[in-house]
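One structure below.
Bear in mind that the values here come from a model prediction, so they are computed numbers and not experimental data. Atoms within a ligand are numbered from 1 in the order they appear, just like the ligands themselves. Position 1 is the first residue of the sequence, and the numbers go up from there.
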Amino acid sequence: MNNAQTHYRACNLCEAMCGLEIQVEGDTVLSIRGDKADPFSQGHICPKATALADVYTDPDRLKRPLRRTSTGWEEIGWDEAFAETVQGIRRVQEKYGRNTIGVYLGNPNVHNLGLMLYNAPFIRSLRTRNRFSATSIDQLPHHVAALLMFGHQLLLPIPDVDRTQFMLMLGANPLASNGSLMTAPGIERRLKQLKARGGKLVVVDPRRTETAALADQHIFIKPGRDALLLLALIHTLYDENLVNPGRLADLTDGFDEMKTIAADFAPEQAAPRLGIPAETMRQLARELAGAERGVVYGRMGLSTQPFGGVCQWLINVLNVLTGNLDREGGAMFTLPAFDIVGLTAMTGSTGRFGHRQTRVRGLPAFGGEFPVSALAEEILTPGEGQIRGIVTVAGNPVLSAPNGRQLDKALDGLEFMVSLDIYLNETTRHAHLILPTTTGLETAHYDLVFHALAVRNTAKYAPALFPPAEGARHDWEILRELRNRLENRHKADRSTMLGKLDFQRRLRPDQILDLGLRFGPYGANGVNRDKLDGEGMKLRRLKNAPHGIDLGPLQPILQERLCTPSRRIVLVPEALAADVARVKAELLAENGAENGRYPLSLIGRRQLRSNNSWMHNSPRLVKGKNRCTLLMHPADAATRGLTDGQTVKVCSRVGEVILPLEVTEGIMPGVVSIPHGWGHNRPGVQMRVAQAHPGVSLNDLTDDRRVDELTGNAAFSGVPVEVTADL
Ligand SMILES: Nc1nc2c(c(=O)[nH]1)N[C@H]1C(S)=C(S)[C@@H](COP(=O)(O)OP(=O)(O)OC[C@H]3O[C@@H](n4cnc5c(=O)[nH]c(N)nc54)[C@H](O)[C@@H]3O)O[C@H]1N2
Ligand SMILES: Nc1nc2c(c(=O)[nH]1)N[C@H]1C(S)=C(S)[C@@H](COP(=O)(O)OP(=O)(O)OC[C@H]3O[C@@H](n4cnc5c(=O)[nH]c(N)nc54)[C@H](O)[C@@H]3O)O[C@H]1N2
Ligand code: SF4
Ligand SMILES: [Mo]
């Protein structure tokens, strides 16, 4: 260990931003531990952190550009790869029109500083309307609610978990996911502290999750019906005179409209449809209203369901009605050192909704992107504007988008496809070219996104630990080069004012970061400059603080941040209010027909040792027994004559999968669950460890036609299925 060195950085795999202490010798990682001196994560890590080293050294990882030929893949040089990529894109656009190139950005984009800073100008250079990203299979409803209520798509309320006394959590399982739209490393400790200080945690989930097991109270709910529960809670607040918005009263419009809307949703009315006693709902509303500091928080389970938009709106409404929005211990807003909300608000790019529709089904665009659920049909349906080529950047939609088999088929028929990725996987196997990128430990890191979603204001930067693996390039370098070639410009244009302001062409990611920090709220002239002495926030300061800098707990700041035309909170945005009719028709009306052929309701789940679809090639993460099982309640197993451990077949409208059955009381009768992110048994994948532990893909069952009609977000929760013995 004589030449061992210690490097500090934040893990970029999930949203928790855990501080890591990494011992290295040369290019060998000796150990990865939690960094106890990180003021935010205080030593917390999970098993995935150590797998960062596995990704770095993975023998299956791609390091040179690959071209698909009739006889297989061949390595080519970068110059050739860039030239062919640009030719491929141009060929399609010249033949069919510029919108016939699609682009899909996957989840790792938001965990990568270079991608966050360079993907926008690259996408603009493609000059296509057919933009897609993982947002519409994830948190899109949160953005829609934020845009319509607060005037900015990124003004997302974050639960102040460290100071709350009452937390109502719906459709989230942070003990497995480590928290989402709630960056809070060591969430288990934080939730235990909430209980220890006399607070209460209530979890609403169709499954008794790891988080539900820790909670004071767990309420089962049938998938997709939360909107009804939330409306019943709001009804109770009005009905029992518990509405108490405090100082928000002067800042908010729409209390009376909300009362009218909720009038039809008495808990007594909702109870039979929910299977939750009316008294339980009334009690819950009273506890929330009575808590000195309380918060309602809902994540994936509430976003990716047929009423995702309404659910995320009503959660905000509950926080307003109880005075908990923008209040300590409630749902608060961050003021990060690199302030994307502030920067975009300044330029007026606060978000747009419904300004365009998809060609085939007419699903709405949000923020310049169309819903991924429409991607396959946009490729497969002939006609003008049909997508003929695609660029994927750090995405695996074949496993992550609904009806993955259909997408497989669609991608297979494209005239041109190029992927920036580190693996030859379920999606990239369809590409004509794969451009291999650097991985976590080879990149400089600052969380542009997750500092803005954290339960404290913090900042942390780390330089790359290793140089790029031989042959690989940084994502941002690839995007910059492609953009330059697509725009026919090879050198930065410094002669014009616009050229000078074109940071992405002229500067490296850390230089842009430095500018953002200096001109941010903690910079020398920023509103919060007093938080730091001397010259305020800048990159050098972060470089000198490798464990990160704590900028304090969240503060009430909404009033200054609001971007609505009225500068007030819009409690009842029109589009959302209108969507309540759908809740009434589909959830409240008694005639909600149960599906005869597919009587069970399918949900997903997350597992601590998986990271979406792409980390199953790490041997240490897949070892042990097969985790890709179907969870089913004993009563449902008994009616079907099924027993624990046997192999079963699950069918939905779009497909079927075969996997082992796990019978458990931990899931509601009528509901079954398959973990998300498996299914590596497709031909042509080159991930040997993952292929040896393939599991099945949940999204071979989920349905691209099931979306939240309002937002277009995928409705993964509650897919109708049937389960039989696999004979
Ligand atoms: N049924 C169901 N479906 C779901 C979900 C669910 O809960 N249930 N969850 C949804 C959610 S929340 C999300 S975010 C999406 C994720 O959907 P995607 O983003 O499409 O999928 P990932 O599995 O994150 O795939 C990431 C891809 O990026 C590659 N990659 C990793 N690191 C890098 C890098 O640094 N650079 C580049 N260029 N490539 C990299 C990986 O090899 C992989 O191909 O899935 C969604 N799909
Ligand atoms: N280990 C690990 N961590 C991850 C990821 C990962 O793949 N693995 N992915 C990361 C990503 S991209 C994201 S977006 C976050 C997601 O973070 P979370 O939202 O916390 O993740 P999930 O575990 O999907 O939690 C969703 C919960 O909703 C429940 N649910 C499903 N349908 C319904 C419903 O209709 N109503 C209610 N009330 N509940 C429902 C499910 O049972 C599940 O417990 O996790 C991140 N962290
Ligand atoms: S919880 Fe998330 S950020 Fe923390 S070590 Fe695990 S994967 Fe990394
Ligand atoms: Mo996600």
Side-chain angles (χ1 to χ4, degrees), residues 9-20 32-35 38 40-41 43-52 106-111 133-140 142 168-188 203-212 218-230 274 297-308 311 400 440 447 450 453 601-616 621 631 666-668 671 673 675-678 698 715-719:
R9 68 192 295 109
C11 174
N12 71 331
L13 292 172
C14 86
E15 301 182 29
M17 302 197 299
C18 296
L20 306 179
I32 299 184
R33 297 200 185 84
D35 177 5
D38 181 311
F40 194 32
S41 64
H44 178 266
I45 54 166
C46 86
K48 289 185 291 300
T50 39
L52 277 171
N107 170 273
N109 275 273
V110 290
H111 296 274
S133 82
T135 290
S136 55
I137 44 180
D138 188 348
Q139 82 288 359
L140 173 58
H142 297 256
L168 171 57
M169 185 186 291
L170 309 105
N173 184 16
L175 258 62
S177 70
N178 280 294
S180 184
L181 304 187
M182 174 179 67
T183 290
I187 187 67
E188 181 170 3
V203 169
V204 177
D205 200 299
R207 185 167 79 85
R208 191 176 306 284
T209 60
E210 296 83 341
T211 313
H218 170 217
I219 301 170
F220 276 129
I221 190 165
K222 291 181 187 168
R225 299 195 180 181
D226 303 78
L228 206 49
L229 169 63
L230 296 169
L274 287 169
Y297 161 76
R299 254 316 268 134
M300 274 297 284
L302 265 74
S303 303
T304 53
Q305 58 151 289
F307 299 95
C311 284
S400 53
D447 272 291
F450 299 104
L453 303 173
S601 181
L602 174 69
I603 60 170
R605 65 184 188 272
R606 281 185 157 67
Q607 300 172 314
L608 194 57
R609 286 187 291 139
S610 295
N611 194 32
N612 293 330
S613 74
W614 66 277
M615 288 194 68
H616 294 142
L621 292 184
L631 303 184
I667 193 156
M668 267 183 101
V671 181
S673 164
H676 146 68
W678 298 88
L698 168 60
F716 291 127
S717 294
V719 176

In the protein, which heavy atom is nearest to [atom], and how far is it?
atom	answer
atom 26 (C) of ligand 2	Gly171 O, 3.3 Å
atom 2 (C) of ligand 2	Ser610 O, 3.2 Å
atom 21 (O) of ligand 2	Arg606 CD, 3.5 Å
atom 31 (C) of ligand 2	Ser717 OG, 3.5 Å
atom 18 (P) of ligand 2	Ser177 OG, 3.5 Å
atom 33 (C) of ligand 2	Gly301 O, 3.6 Å
atom 42 (O) of ligand 2	Asp205 OD1, 2.7 Å
atom 7 (O) of ligand 2	Asn612 N, 2.6 Å

Charged N to carboxylate O below 4.0 Å: is that the case for Arg9 and Asp38? no
Just wondering, are more than 12 heavy atoms of other shown residues or ligands nearer than 6.0 Å to CZ in Arg33? no
At a cut-off of 2.8 Å, what protein N/O/S atoms sit near atom 4 (Fe) of ligand 3? Cys18 SG
Under a 3.5 Å cutoff, is there a donor and acceptor pairing between the side chains of Ser180 and Glu15? yes
Give yes if a backbone or side-chain nitrogen or oxygen of [X] is under 3.5 Å from a nitrogen or oxygen of ligand 2, and no if not.
X	answer
Gly179	no
Thr209	no
Arg299	no
Glu15	no
Leu302	no

Mark yes or no for whether [X], through its side chain, and [Y], through its backbone, hold a donor-acceptor pair below 3.5 Å.
X	Y	result
Ser610	Asn612	no
Thr304	Ser717	no
His218	Asp205	yes

Inter-residue atom distance [X].[atom1] - [Y].[atom2], 0.5 Å rounding:
X	Y	atom1	atom2	answer
Gln607	His676	CD	NE2	10.5 Å
His616	Asn611	NE2	CG	8.5 Å
Arg606	Asn173	CZ	CG	9.5 Å
Ser303	Leu140	OG	CG	8.5 Å

Is any side-chain heavy atom of Ile219 closer than 4.5 Å to a side-chain heavy atom of Leu229? no
Do Phe40 and Thr183 come within less than 4.5 Å of each other through their side chains, counting heavy atoms only? yes
Considering only heavy atoms of [X], which atoms of ligand 2 have at least one such atom less than 4.0 Å away?
X	value
Gly224	34 (C), 35 (O)
Ala176	1 (N), 2 (C), 3 (N)
Lys48	1 (N), 2 (C)
Pro206	30 (N), 33 (C), 37 (C), 39 (N), 40 (C)
Asn107	12 (S)

Which is closest to [atom] in terms of heavy atoms, [options]?
atom	options	value
atom 19 (O) of ligand 2	Met300, Arg609, His676	Met300
atom 38 (N) of ligand 2	Thr304, Asn611, Leu170, Asp226	Asp226
atom 25 (O) of ligand 2	Leu608, Asn173, Asp138	Asn173

Can a non-hydrogen atom of Gln607 be found less than 4.0 Å from any atom of ligand 2? yes
If you look only at distance, which donor and acceptor atoms sit under 3.5 Å apart when one is on a side chain in residues 44-51 and the other is two or more places apart or in another chain?
from, atom 1, to, atom 2, distance (Å)
His44, ND1, Gly186, N, 3.4
Lys48, NZ, Leu608, O, 2.7
Thr50, OG1, Pro47, O, 2.9

Begin with the C-alpha distance, continue with both residues' side-chain angles, and end with the deciding distance and a verdict on side chain to side chain donor-acceptor pair (under 3.5 Å) for Ser673 and Arg605. CA-CA 7 Å; Ser673 164; Arg605 65 184 188 272; 3.2 Å; yes
What heavy-atom pair brings Ile137 and Ser400 nearest, and what distance separates the two atoms? CD1-O, 3.4 Å
Would you check, one step at a time, whether the test side-chain contact (heavy atoms from CB on, under 4.5 Å) holds for Phe220 with Arg208? CA-CA 8 Å; Phe220 276 129; Arg208 191 176 306 284; 3.9 Å; yes
Ser601 vs Lys222, side-chain contact (heavy atoms from CB on, under 4.5 Å): CA-CA, chis, key distance, verdict: CA-CA 8 Å; Ser601 181; Lys222 291 181 187 168; over 6 Å; no
